[in-house]
Number of protein chains: 2
Amino acid sequence: MDARLSRMLHLLIHMGRMAGPLTSEAAATMLGTNPVVVRRTMSGLRDAGYVRSVKGHGGGWSLIRDLDDITMLDVHRALGENRIFALGPADPTATCLVEQAVNASLEGALREAEALLLRRLNDVSVASIAADFDHRFAESPDIGETEASGRRTSSD
Amino acid sequence: MDARLSRMLHLLIHMGRMAGPLTSEAAATMLGTNPVVVRRTMSGLRDAGYVRSVKGHGGGWSLIRDLDDITMLDVHRALGENRIFALGPADPTATCLVEQAVNASLEGALREAEALLLRRLNDVSVASIAADFDHRFAESPDIGETEASGRRTSSD
DNA sequence: TATTTTGCAACATCGAAAGTTACGTGATAG
DNA sequence: CTATCACGTAACTTTCGATGTTGCAAAATA
């Protein structure tokens, strides 16, 4: 299962709530993975202009675009237009006419589903996911729903 | 890439146009694969009641349902409710609230796309794919579009 | 200059589909 | 009744992409 989109969204939201840059090491700890994997995956977001990386002391990853201006689709695309479906034709270039007919039907259905998925990913900004997190945080049993809480400890 | 749905559709259509049963050996040749793989995959269709298998001389696989009564979705389901997306959340049971918010958005989009795909798969009977093949066959340059053709050689 | 942090290459690991081998079972031909 | 055909299934290997890991170079800062 390709979890890169999920992971990058997670990191972007964290980065949106941090003062300084986030090191690959810290990010890897958050995700329960490896710093090299973080760099590898984040490099796509850097090339797409959503984050930047700085070397050396005090370095790490920082946002250079507002989370309002980044959609889930943007992140997906920045990761390299990866395969969406685990399902597909045996041979997309088949010469057998039966197989071509099968491919036409199957690919048609997949195309429609993919188009819908991409529309939905495009509908959701990373900022709106962050807002959803705020909602969940405010309603979390650790805090209670009262407005008596000035203290907000990190929840993850 | 999981090509089982594609392959089983291919075989079902062939079986619908054959007089006798289709051996796993012949099916494997059609698909460019192995008889054991054919048996393994077809066993799901047998258990679902779409085909039957007969051992021994003159045995093989035969349809026991009209292709009109089998949809692409039926075949997909008979293969065991396999994974549809190559994409998904890093941890569907995350306790981190940020990750939960990410999962909610991502899973929502995936759910919608999956629902559409299943609807589309359900819209298409295997018989209609076979009919599409007939159309392609009639219009294939090997035959020409004239009605002068009584002869129909196998096209694959 | 020592330390921190990214960049990147070159592996190893993992999981699911697919391929392969081997042997058992049942059915039919002769 | 025996040889052969064809499926049933277990067990193993292969393949492919994502992921994990190690090692080292390069850059930036204290």
Side-chain angles (χ1 to χ4, degrees), chain A residues 1-8 10-11 15 18 20-47 50-64 76 79-92, chain B residues 1-8 10-11 15 18 20-47 50-64 76 79-92:
Chain A
M1 162 92 47
D2 186 345
R4 283 176 292 186
L5 173 57
S6 163
R7 287 174 166 174
M8 290 305 99
H10 190 166
L11 284 191
M15 288 165 64
M18 291 176 55
L22 174 68
T23 66
S24 303
E25 181 65 41
T29 301
M30 284 178 187
L31 298 181
T33 180
N34 192 288
V36 179
V37 175
V38 172
R39 290 186 198 112
R40 201 145 62 191
T41 317
M42 290 286 279
S43 71
L45 301 191
R46 180 189 55 219
D47 296 346
Y50 301 133
V51 301
R52 71 184 181 126
S53 57
V54 173
K55 294 180 177 177
H57 269 286
W61 299 89
S62 311
L63 279 171
I64 55 177
H76 170 68
L79 294 178
E81 296 287 344
N82 302 298
R83 175 176 310 294
I84 288 179
F85 294 105
L87 209 66
D91 175 10
Chain B
M1 163 90 48
D2 186 345
R4 283 176 291 185
L5 173 57
S6 163
R7 287 175 165 174
M8 289 305 98
H10 189 166
L11 284 190
M15 289 165 63
M18 291 176 54
L22 175 68
T23 67
S24 302
E25 181 66 42
T29 301
M30 284 177 186
L31 298 181
T33 180
N34 192 287
V36 179
V37 174
V38 171
R39 289 187 197 113
R40 202 146 61 193
T41 316
M42 289 287 279
S43 71
L45 301 191
R46 181 190 54 220
D47 296 347
Y50 301 133
V51 301
R52 70 182 182 127
S53 57
V54 173
K55 295 179 177 177
H57 270 286
W61 299 89
S62 311
L63 280 169
I64 55 177
H76 169 69
L79 294 178
E81 297 286 344
N82 300 299
R83 174 178 310 296
I84 288 179
F85 294 105
L87 209 68
D91 175 10

Restricting to non-hydrogen atoms, name the atom on [X] and the atom on [Y] that form the minimum distance, rounded to 0.1 Å.
{"X": "A/Pro21", "Y": "A/Gly59", "answer": "CG-O, 3.7 Å"}
{"X": "B/Pro35", "Y": "B/Ala28", "answer": "N-CB, 3.4 Å"}
{"X": "B/Met1", "Y": "A/Pro89", "answer": "CG-O, 4.3 Å"}
{"X": "A/Asn34", "Y": "A/Val36", "answer": "OD1-N, 2.9 Å"}
{"X": "A/Thr23", "Y": "A/Trp61", "answer": "C-CD1, 4.4 Å"}

Tell me if the CZ atom of B/Arg46 is crowded by more than 12 foreign heavy atoms within 6.0 Å. yes
Report the residues that fulfil salt bridge (charged side-chain N to carboxylate O under 4.0 Å, His left out) with A/Arg39, sequence neighbours left out, ordered by chain and then residue number. none
Tell me: [atom1] of [X] to [atom2] of [N], nearest whole Å?
{"X": "B/Arg4", "N": "C/dA16", "atom1": "CZ", "atom2": "C1'", "result": "8 Å"}
{"X": "B/Leu79", "N": "C/dA17", "atom1": "CG", "atom2": "C1'", "result": "13 Å"}
{"X": "A/Met42", "N": "C/dT5", "atom1": "CE", "atom2": "P", "result": "15 Å"}
{"X": "A/Glu25", "N": "C/dT6", "atom1": "CD", "atom2": "P", "result": "9 Å"}
{"X": "B/Met8", "N": "C/dA17", "atom1": "CE", "atom2": "P", "result": "14 Å"}
{"X": "A/Asn34", "N": "C/dG7", "atom1": "CG", "atom2": "P", "result": "15 Å"}
{"X": "A/Leu87", "N": "C/dA16", "atom1": "CG", "atom2": "P", "result": "16 Å"}

Considering only nitrogen or oxygen atoms on both sides, find all protein atoms under 3.5 Å from nucleotides 26-30 of chain C and state each distance.
unit_1, atom_1, unit_2, atom_2, d
C/dG26, O4', B/Lys55, NZ, 3.4
C/dG26, N2, B/Gly56, N, 3.1

Under-4.0 Å side-chain N/O to phosphate OP1/OP2 contact, A/Ser24 with C/dT6: yes
Compare side-chain N and O positions of B/Thr33 against OP1 and OP2 of C/dG19 and report whether any pair is under 4.0 Å apart. yes
Chain B vs DNA chain D, heavy-atom contacts under 4.0 Å, first-to-last nucleotide span, 5' to 3', is D/dT4 to D/dA11
Using side-chain heavy atoms (C-beta onward) and a distance below 4.5 Å, is B/Val38 in contact with B/Leu11? yes
Value for CG (B/Leu22) from CE (B/Met42), rounded to nearest 0.5 Å, stands at 7.0 Å
Using the test side-chain contact (heavy atoms from CB on, under 4.5 Å), find all partners of A/Ala3 that sit at least two apart in sequence or belong to another chain. A/Arg7, B/Ala90
Quick one: on DNA chain C, does A/Pro35 or B/Ala3 contact a more 5' nucleotide (nearest heavy atom)? A/Pro35
Output all residues satisfying side chain to side chain donor-acceptor pair (under 3.5 Å) with B/Asn82, sequence neighbours left out; order by chain, then residue number. B/Arg4
Dump the pairs, protein N or O against N or O of nucleotides 8-15 of chain C, anything under 3.5 Å, distances to one decimal.
unit_1, atom_1, unit_2, atom_2, d
C/dA10, N6, A/Arg40, NH1, 3.4

